[in-house]
Amino acid sequence: MADLVDTAALTAWLREFARSVAAQKDALTALDAAIGDADHGANLDRGMTAVVAALDAAPPASPAALLKQVGMTLVSKVGGASGPLYGTLFLRMAGPAGDGLDAAGFAAALRAGLEGVVARGKAELGDKTMVDALSPACDALDAALGGGAALPEALQAAVAAGREGRDATVPLVARKGRASYLGERSAGHQDPGATSTVLLLEAAEAALTT
Amino acid sequence: MADLVDTAALTAWLREFARSVAAQKDALTALDAAIGDADHGANLDRGMTAVVAALDAAPPASPAALLKQVGMTLVSKVGGASGPLYGTLFLRMAGPAGDGLDAAGFAAALRAGLEGVVARGKAELGDKTMVDALSPACDALDAALGGGAALPEALQAAVAAGREGRDATVPLVARKGRASYLGERSAGHQDPGATSTVLLLEAAEAALTT
Amino acid sequence: MKKLINDPADVVAQALRGMALAHPELRVDLENRIVVRGDAPVAGKVGIVSGGGAGHEPLHGGFVGPGMLDAACAGEVFTSPVPDQMMAATQAVDGGAGVLHVVKNYTGDVMNFEMAAELVAAESGTEVVAVVTDDDVAVEDSTYTAGRRGVGVTVLLEKIAGAAAEQGRPLAEVADLARKVNAQGRSMGMALTSCTVPAAGTPTFELPEGEMEIGVGIHGEPGRRRVPVAPAREIAAMLVEPVLADRDYTGRQVLAFVNGLGGTPLIELYLMYAEVAAILERSGVTVARSLVGSYMTSLDMAGCSLTLLEVDDELVRLWDAPVRTPGLRWGV
Amino acid sequence: MKKLINDPADVVAQALRGMALAHPELRVDLENRIVVRGDAPVAGKVGIVSGGGAGHEPLHGGFVGPGMLDAACAGEVFTSPVPDQMMAATQAVDGGAGVLHVVKNYTGDVMNFEMAAELVAAESGTEVVAVVTDDDVAVEDSTYTAGRRGVGVTVLLEKIAGAAAEQGRPLAEVADLARKVNAQGRSMGMALTSCTVPAAGTPTFELPEGEMEIGVGIHGEPGRRRVPVAPAREIAAMLVEPVLADRDYTGRQVLAFVNGLGGTPLIELYLMYAEVAAILERSGVTVARSLVGSYMTSLDMAGCSLTLLEVDDELVRLWDAPVRTPGLRWGV
Ligand SMILES: Nc1ncnc2c1ncn2[C@@H]1O[C@H](COP(=O)(O)OP(=O)(O)O)[C@@H](O)[C@H]1O
Ligand SMILES: Nc1ncnc2c1ncn2[C@@H]1O[C@H](COP(=O)(O)OP(=O)(O)O)[C@@H](O)[C@H]1O
Ligand SMILES: [Mg+2]
Ligand SMILES: [Mg+2]
Ligand SMILES: [Mg+2]
Ligand SMILES: [Mg+2]
């Protein structure tokens, strides 16, 4: 069944995410320069390069093993805020993953990842963080699948919702992360983490729907 | 006799020197900036201002007392190289001064001052220092007086010789003082100390010949 | 960018190598980028581990040694270290009495230390307590935000907690003392120039000749406001006043800490301290102890920060207690 | 000019006031601008006095205390102090065993210390011996010139002579040791940026982005040559090679001292030290001891200097001996 997200599919997803992070590295860093410390692109690129290297070195046997390996790699290679956050996202996804995910299972795993990010970072919707992109994406994914859509269309909806959430961070005053030190001065800038989260969703749409 | 250099005459000489140092302060400092550390004008001005203040506060009773006071004031207020050098010059002049100098006595005192500067700084003619102005001036002064000239003409000859010596420092490579650290790079610049020494001689001509 | 470095991407490891060579009394794990006290673990003593992004030297690695930290983890420049490093450091200093994590309040540092603590808990029985410093009054506080940044008080806390641990006090007591130090300390910083992160190669922010940034962070985070450069006397007031406004030290005994940010020489720091001390005296604040120097830098940033810590006899005794580290050394 | 100062003409006195407040264990005579060890004169101990222009902090005032200097005289920025100050300092530390004057080889410093010694001789029976440091290999030497500048070795000499004096050794021995340290030490410095003298208000020399000055003096005197900015590895070679060319330390034990000039942070100095140590190892020079930090600055100049001192067991013992000063402190 086309909707089964197996090890190969997840590998493709993460390779695609790594590719687009590398491509968007400078753009992400530029966003972070405006309201943070100009390293988000470098941080994620360092992490995803290591993730791909690990996938090449030892292709994991199961989706759970793969997601765990990805999470641990990010945690131990990235540092900063995004290391624990993206690391936790994948570590939590590993739980439900087992040795294969159907569409609903993938949505559930992604939501588990979101919950992990929130538990770790204590950010709420509107705090101008990656949660502002990931949370609406999870909702859209669930809604679409609940409405009978197949994974491809559902991921399309998730990407659209994620982009909306990302764009909505622009006017916000940051309440979490470095940007929060700027207070009012953080408004008018797009959040780097929400931006990289959209890249993750776009990578899923590209890799999991073919 | 017009040629007696008494306390009043010496006082006039030093007040005139203080005035011209103040007027030439920036020019002297500019010369020192090129091959030294840009403080010769400030150093001498600080010293001569203190000298004049001391003369005002307690007019010395004798030429010897005056020259000693001037020397001690310069030594304790100027610092750097020029403090001990100009200070020694006046302290050594005090010896022969007693309570009045005739023309020959003044010339002898100035030479004693020169010898003090040389003993203190170990500079030889051609080392690109104040000695290059002071030494030929002393020679010219002795020669003129020896040839029967009165103090006024003799001082004129001393000033002329001093100016020649000062101008001759331009092409020299410094062998003493900060400028010596520049090696060859010190050539092509006029020595600040030789320049201030000419001011001292010109002040004598102006003050002691009226 | 003018710096004494080789590859801008490899500054931290190379500087650590130099530190290892210059301080044979310390154990420097270049692999994990942790600096460990030579005789660690000290049996029966609470271990104290700190760490954070590099670029603040001597903090933290320069404060490792008897009477202060047992280990420090170095991240990339201005980037929090990772849990693996903190785990390795925690295990290296676990003398059986538990380990205190001293964490500056930055999202990345806090989360990485949290994960490290969870991993330690999962893998070993080592008891870990974390204390977070957040003394920077330049950031307005609120429970809805990431809160204040941890700055100068971290140095004082590491010294005082280190002295308590050296005395053999239990983890709970050492942690309480550390929290007390953070609670009683406030800081405010200012920059005359921006720092330049090696990997970036250009100044983090533009600060024209004639302007300075008040309330700047130690990573070059923008401050409260930008004003024309002023005499040290007025700058001192711009640092002391917000600190006193945030916490009233009137009639109290304090430790006054004037810290250089990396590009400012000692002669200026002493001059600043004279101005700070004068204001404190006028304000009825008694200086019991002082510290003047560059102890928590922001790479090559020119500027300084002021930290006030209310002290009682116990804190003064602990401050005066022997310490032997590259950065702070006395009484040994 | 961006500095933490008030009136540019009154930096030294105000910084001294801050130092006095920060170091109650020292006696700071603001009138004479001298810093004196709190318990001076120490009966029966040789007194050690140094001094020079300000702008090199912690040198010299920061090295006053048990095990190092008994007193230091501060001149205006980069201008030698005057004999009155040196006399006052000499009298303040005369414990009956004579006084050693440590003088950096600059015409002004040498002549003012000479006059001070003459005045002391004229006024009292105090025996004074002067030792002049001239370790800067950047200046080519000759008996016809003012000779080499005294730089980094001065710090090491003050520590080692101070230790010998603390042991109660007689003046002649302490002076011989001091001369030995100077004879066995060589230094070379480099600048990434110029310093700015407060009274001048503008950089002493122009050093465009992308260029550095090799062989610079601690007052911003121009060096041997100006070259494009290079990696730390190459800069280290540009400092070590002329030192080894001037004095062959091969097969010898040395104290290696990497000194910051004021505007360069510790992280860069440690990185530089790693490069220096690597070259020394390749050159067969054994590092017995090291010192890395900003101990002899040139106001806010960015850059560093390297000093090598050949040591034997006695010099190492004296280096390791207890010292308690604001700038250097250990073993106490
Ligand atoms: N508490 C938090 N919860 C969720 N996301 C956060 C939180 N703090 C920061 N972030 C995300 O992390 C991003 C910054 O990541 P990065 O620049 O790599 O780390 P750092 O801020 O440590 O330099 C922000 O743009 C934001 O989206
Ligand atoms: N050894 C010396 N003998 C004679 N004159 C000297 C000597 N060294 C320096 N000078 C004179 O001193 C002048 C510099 O004086 P100044 O700038 O006031 O002192 P410093 O060099 O300490 O800053 C030089 O221009 C030179 O004429
Ligand atoms: Mg960032
Ligand atoms: Mg000069
Ligand atoms: Mg970061
Ligand atoms: Mg001078």
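We name chains A, B, ... by the order of the sequence lines, and we start the count at 1 in each one. As a basis for the values below, the full set of heavy atoms in this structure was taken, side chains included, without hydrogen atoms, waters or symmetry mates.
Judged by distance alone, with hydrogens and angles left aside, the side-chain atoms of C:Arg324 form no donor-acceptor pair with the main-chain N or O of C:Arg329 at under 3.5 Å. A donor-acceptor pair is defined here as one N or O able to donate and one able to accept, closer than 3.5 Å; such a pair exists between the side chain of C:Glu57 and the backbone of C:Gly55. With hydrogens and angles ignored, the 3.5 Å screen pairs no side-chain donor or acceptor of D:Lys3 with any backbone N or O of C:Leu192.
Closest non-hydrogen pair, C:Gly61 versus C:Leu26, comes out as O-CD1, 4.4 Å. Taking both residues in full, the closest heavy atoms of C:Glu158 and C:Ser50 are given as OE2-OG, 2.8 Å, listed atom of the first, atom of the second, then distance. Contact between C:Arg37 and C:Val64 at its shortest, heavy atoms only, is N-CG1, 3.3 Å. Here the closest heavy-atom approach between residue D:Lys2 and residue C:Leu207 is recorded as NZ-O, 3.2 Å. In plain terms, the two heavy atoms of D:Ser187 and D:Gly152 that are nearest each other are OG-N, 3.8 Å.
Contact of C:Val258 with chain D is not made at all, since no heavy-atom distance falls under 4.5 Å. Looking at D:His56, there are no atoms closer than 4.5 Å to chain C (heavy atoms on both sides), in backbone or side chain. Using a 4.5 Å cut-off between heavy atoms, D:Ser294 does not touch chain C at all. Proximity to chain D (any heavy atom under 4.5 Å) is restricted, for C:Pro326, to the side chain, taken from C-beta onward.
Of the listed residues D:Leu21, D:Ile5, D:Val77, the one with more heavy-atom pairs under 4.5 angstrom with chain C than any other is D:Ile5. Between chain C and the options D:Met1, D:Glu234, D:Arg289, heavy-atom pairs under 4.5 Å are most frequent for D:Met1. Between chain D and the options C:Leu16, C:Val292, C:Leu266, C:Leu291, heavy-atom pairs under 4.5 Å are most frequent for C:Leu266. Counting heavy-atom pairs closer than 4.5 Å to chain C, the top residue among D:Glu209, D:Arg17, D:Met272 is D:Glu209.
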Exercise. Go through the steps to decide whether C:Asp29 and C:Val36 satisfy the test side-chain contact (heavy atoms from CB on, under 4.5 Å), and finish with yes or no.
Key: CA-CA 8 Å; C:Asp29 174 346; C:Val36 182; 5.6 Å; no
Self-check item: Working for side-chain contact (heavy atoms from CB on, under 4.5 Å), residues C:Leu69 and C:Thr325
Solution: CA-CA 9 Å; C:Leu69 298 179; C:Thr325 73; over 6 Å; no
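For the atom pair NZ (C:Lys159) and CG (C:Leu328), the distance works out to 8.0 Å, reported to the nearest 0.5 Å. A distance of 7.0 Å separates CG in D:Asp7 from CD in D:Gln14, rounded to the nearest 0.5 Å. Interatomic distance, C:Leu156 CG to C:Asn259 CG, rounded to the nearest 0.5 Å: 9.5 Å.
Among residues 274-285 of chain C, the residues having any heavy atom closer than 4.5 Å to a heavy atom of chain D are, in sequence order, C:Ala274, C:Glu275, C:Ala277. Identified by a heavy-atom distance below 4.5 Å to chain D, the contributing residues of residues 295-305 of chain C are C:Leu299, C:Asp300, C:Gly303, C:Cys304, in residue-number order.
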